[in-house]
Every structure is written in structure tokens, then in C-alpha cells.
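Here's the structure we're looking at; comments come further down.
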Amino acid sequence: MTTILIAGGYGAVGHKIAQQLASRKDIAVIIAGRSLDKARAAATAIGAEARMIDLRQSESWAPALKDVDLV
């Protein structure tokens, strides 16, 4: 299984992409963004995982990218 993290996956475009990917059985989707609450809400709606990542804060990258195959 391939794990894909979508940064900004709770926005209009990112969420559409996340929905399409989450419908595949061979892909695990992680929705990530600065707001963990928004990421959780979007992830729950499509059966995905949520994580916090702020691309401007490098210390948030390693925890968010753990076990991720593609961003």
C-alpha cells in the first residue's frame, strides 16, 4: 500500500484530490495542514488519517512525513 500525504488536503482542491485517492484500496491518504482540527474533520469525512504540518516550520515536517511514501 502506498501512503500519500496531501498538504492542504482540507482546502477546496486538496480535498477533491484526497477524495479521489481515498476511494482506491491501494492508497492510504493522510490529510495535513496547519489546522489539525480542519485536517481531522476532512479526514473523517473520507476515512483518512489527519496530521499537522506547517510548511513554514521545518520542525513539523519529520513527524508529519513519518511513513509517508509520497507528498
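None of the values given here were measured: they were computed from a predicted structure.
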Exercise. Judged by atom type as modelled, is there a donor-acceptor pair below 3.5 Å linking the side chain of S23 to the main-chain atoms of Q20?
Worked result: yes

Exercise. Are the side chain of R51 and the backbone of A64 linked by a donor-acceptor contact shorter than 3.5 Å?
Worked result: yes

For this session: Verify, without hydrogens or angle tests, whether D54 (side chain) and R34 (backbone) share a donor-acceptor contact under 3.5 angstrom.
Result: no

For this session: Look up atom CZ in R40 and atom CD1 in I31, then write down how far apart they are to the nearest 0.5 Å.
Result: 13.0 Å

Exercise. Can you tell if the side chain of H15 reaches within under 4.5 Å of the side chain of I46, non-hydrogen atoms only?
Worked result: yes

Problem set entry | Candidate list D67, V68, I6, I53, test side-chain contact (heavy atoms from CB on, under 4.5 Å), partner I30, passing option | V68

For this session: Identify the two heavy atoms, one from A32 and one from A39, that lie closest to each other, and give their separation to 0.1 Å.
Result: CA-CB, 4.4 Å

Exercise. Under a 4.5 Å cut-off applied to non-hydrogen side-chain atoms, are L5 and L70 in contact?
Worked result: no

Exercise. Pick from D26, T2, V29: which one makes a side-chain contact (heavy atoms from CB on, under 4.5 Å) with L21?
Worked result: V29

Exercise. Would you call K25 and M1 a side-chain contact if the rule is heavy atoms closer than 4.5 Å?
Worked result: no

Exercise. Judged by atom type as modelled, is there a donor-acceptor pair below 3.5 Å linking the side chain of Y10 to the main-chain atoms of S35?
Worked result: yes

For this session: Spell out, yes or no, whether W61 and M52 are grouped together once hydrophobic residues are joined by side-chain heavy atoms under 4.5 Å, including indirect joins.
Result: no

Exercise. Taking all non-hydrogen atoms of both residues, which atom of A18 and which atom of G9 are closest, and how far apart?
Worked result: CB-O, 4.5 Å

